[in-house]
Amino acid sequence: MKKLLGLGAFLILLYVLMLLADDSARSLHNHVNLGKRIGLYGVISLGAGILIVTGGIDLSIGSVVGICATIMAMLLTDRRFLWHPAAATAAVLALGAIIGLINGLIVTKLKVQAFVVTLCGLFIYRGAARWLAGDEVQGLENSFAAWKFWLAKGRVLGLPMSLVIFLGLAAVATVFLHFSIHGRYLYAIGSNEQAARYAGVRTDRYRILAYVICSTLTAFFAILFLMEENSVQPSNTGSFFELYAIAGAVLGGCSLRGGEGSILGILIGTAIIRILPTFTQMWRVDPALEYTVIGGALLLGALLDEFLRRRSEKT
């Protein structure tokens, strides 16, 4: 709770400083764009956070975004397919779930380290996306205008549609992770997998479930991202997105050791990660230093996490 309060205070401070920087920072347009980014990137941070709670990691998130967005675009616009949007969405979500299932099975059944498995996936899925699309840009052009307008311009109580979707997913994830026995099992696995196994928890099944959830949410993000951006470049769409996803979760209090984290923390961490670029822009910080600022914030969060952990151990 103390960590959440500290993160919340930091988020408020960052937001206030951003507002003081420039008149444009206080504009409705800036707030809408900020809400869109928080909503979009919150989806993959949510998936990464749930996986990290179990002590897992997925470095292939960015490449999964690339291949899922590429396939979605091809299913909708390629003359060989021309699928209905609902069928294409179901197929891409199923692909995400299958990728997560494969990752989980290799990690749990073949005992290969998650870092290695998902690092290999990073290269495999990126190469597959480029091969499937002939390494060419896949665009929606003027197709599916209603869907794209709904996501880009739609509002619920004044909030951007992507933010509303993320908040809805966060609410479901909160019930699952914090108020169900399945969520308690995920925390138990992350804290001490061997003890959880002795207690009767089917640890392999739940670890696989965490990978499936992560990759399915990544596929869902890919669909939203495609509708927002209108095109996908197989060679680089999604590059480094895994770092933003993991960063949002870790900054929000999810320990890479596993067994720690909350949905509220992930929400706050994602908001901080997405506000930082706007903050640097409004304060006229050299764009070349944007990643330095983000990296510094992450390091500060990691140091704070370690400090609080050691303090709690002493008490």
Side-chain angles (χ1 to χ4, degrees), residues 3-46 48-49 61-62 65-66 148 151-155 158-164 166-167 221 224-233 235-254 264-307:
K3 180 184 291 187
L4 284 178
L5 290 175
L7 285 171
F10 178 65
L11 174 60
I12 293 172
L13 175 63
L14 192 63
Y15 176 70
V16 170
L17 290 175
M18 181 192 73
L19 294 181
L20 295 174
D22 193 290
D23 289 340
S24 60
R26 298 185 287 273
S27 68
L28 177 61
H29 177 72
N30 180 57
H31 281 78
V32 169
N33 285 336
L34 195 58
K36 283 183 182 179
R37 292 196 297 270
I38 292 173
L40 270 176
Y41 290 89
V43 173
I44 49 175
S45 288
L46 195 62
I61 288 174
V65 170
K148 291 184 287 188
L151 286 172
K153 304 295 183 181
R155 302 281 189 277
L159 298 177
M161 190 57 66
S162 59
L163 182 59
V164 173
F166 169 53
L167 293 177
F221 167 86
L224 297 178
F225 186 82
L226 174 63
M227 292 298 167
E228 181 72 29
E229 298 297 324
N230 202 43
S231 64
V232 54
Q233 172 57 265
S235 63
N236 58 34
T237 293
S239 294
F240 300 111
F241 281 14
E242 62 276 358
L243 302 183
Y244 283 106
I246 295 170
V250 172
L251 188 58
C254 293
L264 178 58
I266 294 171
L267 195 157
I268 295 174
T270 301
I272 292 174
I273 288 294
R274 299 323 306 173
I275 286 178
L276 279 171
T278 304
F279 175 84
T280 58
Q281 179 183 355
M282 295 302 173
W283 279 95
R284 308 291 193 274
V285 176
D286 190 329
L289 291 175
E290 177 182 322
Y291 291 120
T292 302
V293 173
I294 295 174
L298 290 173
L299 179 59
L300 181 62
L303 293 174
L304 177 62
D305 174 56
E306 187 66 21
F307 171 76

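None of these values were measured; they are calculated from a predicted model. Below, all heavy atoms of this structure are taken into account, side chains as well, without hydrogens, waters or symmetry copies.
- Separating the CZ atom in Phe225 from the CE atom in Met227 is a distance of 13.0 Å, to the nearest 0.5 Å.
- Taken to the nearest 0.5 Å, the OG1 atom of Thr280 stands 10.5 Å off from the OH atom of Tyr291.
- The shortest distance between side-chain heavy atoms of Val164 and Arg155 does not fall below 4.5 Å.
- Between Ile273 and Tyr41 there is no side-chain heavy-atom pair separated by less than 4.5 Å.
- Here the CD1 atom belonging to Ile44 is positioned 12.0 Å from the CD1 atom belonging to Ile266, to the nearest 0.5 angstrom.
- Cation-pi geometry between Arg274 and Phe279 is not met: the NZ or CZ atom fails to fall both under 6.0 Å from the ring centre and inside 45° of the normal.
- The minimum heavy-atom distance linking Leu251 with Gly269 is given by the pair CD2-O, 4.1 Å.
- Atom CD1 of Ile246 sits about 13.5 Å away from atom CZ of Phe241, to the nearest 0.5 Å.
- Counting heavy atoms from C-beta on, the side chains of Gln233 and Asn236 come closer than 4.5 Å.
- Between Thr270 and Tyr244, the closest side-chain pair of non-hydrogen atoms is not below 4.5 Å.
- With rounding to the nearest 0.5 angstrom, the CG atom of Asn30 is 11.5 Å from the CG atom of Asp23.
- Taking the side chain as every heavy atom from C-beta outward, Leu167 and Leu267 approach each other to under 4.5 Å.
- Formation of a donor-acceptor pair under 3.5 Å by the Ser45 side chain with backbone atoms of Gly42 is not found in this model.
- Taking CG of Leu299 as the start and OG1 of Thr292 as the end, the distance is 12.0 Å to the nearest 0.5 Å.
- Although no hydrogens or angles enter the test, the distance criterion places a donor-acceptor pair under 3.5 Å between the side chain of Ser162 and the main chain of Lys36.
- Of all non-hydrogen atoms in Ala249 and Ala48, the two that sit nearest each other are CB-C, 4.5 Å.
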Between Leu20 and Met282, does a side chain to side chain contact (heavy atoms under 4.5 Å, CB included) hold up when you go through it step by step?
-> CA-CA 9 Å; Leu20 295 174; Met282 295 302 173; over 6 Å; no

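- No side-chain heavy atom of Glu229 sits less than 4.5 Å from a side-chain heavy atom of Leu40.
- Two residues are said to be in side-chain contact when any heavy atoms from C-beta on lie closer than 4.5 Å; Arg37 and Thr278 meet this criterion.
- For the residue pair Ala245 and Ile61, the shortest heavy atom distance occurs at CB-CD1, 4.0 Å.
- The two residues Leu17 and Trp283 make their nearest non-hydrogen contact at O-NE1, 2.9 Å.
- Met18 approaches Ala25 most closely through the heavy-atom pair O-CB, 3.2 Å.
- The two residues Phe166 and Ile38 make their nearest non-hydrogen contact at CD2-O, 4.0 Å.
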